[in-house]
Amino acid sequence: MPSIRVAVELDAPVAEVWAYLEQVERHVEWMADAVEITFETDQHRGVGTAFICDTRFGPIRIDDRMKITEWVPEQRMGVEHTGLVSGTGVFELEQIDIGRRTRFSWTETLQFPWYFGGNLGRAVASRVMMRPLWRRNLNTLAAQFGQP
């Protein structure tokens, strides 16, 4: 199953970027497709945290059920999508410029149900909707750290 990967360099050290990203509820501030996050667990950080993200791609709206499966502070946050759209996602942080900047990478490997077109639907949505939207999301994330 092919993956979608986007990346951006942020004008902030890894610790600062992680401090923002680990607040999962704040992802709606920079993800245009994420409307609202509702936690299903008492914990809101770390492996085992489960939540539903009210997600919208144009006219399509889904409750994206996710569970955090990997949590390495200042390095990686991984999720498993367990709802209508299944698969995995990971945020990775890499220190660059001797600790002054961070490379943020976002990779998703998703499977669509047959009535969303299955593999063909995923391929079309990846190129037409998701990759451009996620690149825009990364620009919005960069703006959170003072980048134009």
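All residue numbers refer to positions in the sequence shown, counting from 1.
- The minimum heavy-atom distance between Q43 and G46, with the atom names listed, is NE2-O, 3.4 Å.
- Hydrophobic clustering keeps V35 apart from L141 (ILVMFWY residues linked when any side-chain heavy atoms are closer than 4.5 Å, directly or through intermediates).
- Nearest heavy atom pair, residue D63 against residue D54, reads OD1-CA, 4.1 Å.
- Using a 4.0 Å cut-off between charged side-chain N and carboxylate O, R45 and E25 make a salt bridge.
- Interatomic distance, CG of L10 versus CD of E94, reported as 12.0 Å (0.5 Å rounding).
- Annotation for W30 and L21: closest pair CZ2-CD2, 3.7 Å, computed over non-hydrogen atoms.
- Separation of atoms CD (E70) and CE (M77) is listed at 10.5 Å; rounding is to 0.5 Å.
- W18 pairs by the ring-ring contact (aromatic ring centres under 6.0 Å, His included) definition with W71, not counting sequence neighbours.
- Ring geometry, F91 versus F104: the interplanar angle falls from 30° to 60°, so the pair is classed tilted.
- Looking only at side-chain heavy atoms (C-beta outward), E92 and R103 stay at 4.5 Å or farther from each other.
- In the hydrophobic cluster analysis, where Ile, Leu, Val, Met, Phe, Trp and Tyr join through side-chain heavy atoms closer than 4.5 angstrom, V90 is grouped apart from V47.
- For the atom pair E9 CD and S105 OG, the distance stands at 9.5 Å (nearest 0.5 Å).
- Across all their heavy atoms, C53 and M66 have their closest contact at CB-CE, 3.7 Å.
- Among all heavy-atom pairs drawn from V14 and T102, the shortest one is N-OG1, 3.0 Å.
- The shortest distance between side-chain heavy atoms of I37 and V24 falls below 4.5 Å.
- Here CD of E40 is found 4.0 Å from CD1 of I52. Values are rounded to the nearest 0.5 Å.
- In terms of heavy-atom proximity, G89 sits nearest to E108 at CA-OE1, 3.5 Å.
- Atom CD in E29 sits 12.5 Å away from atom CG in N137 (nearest 0.5 Å).
- W106 is not listed as a side-chain neighbour of I4, based on a closest heavy-atom distance of 4.5 Å or more.
- You'll find the side chain of P73 stays beyond 4.5 Å of the side chain of E22, heavy atoms only.
- Rounding to the nearest 0.5 angstrom, the gap separating the OG1 atom in T88 from the NZ atom in K67 is 15.0 Å.
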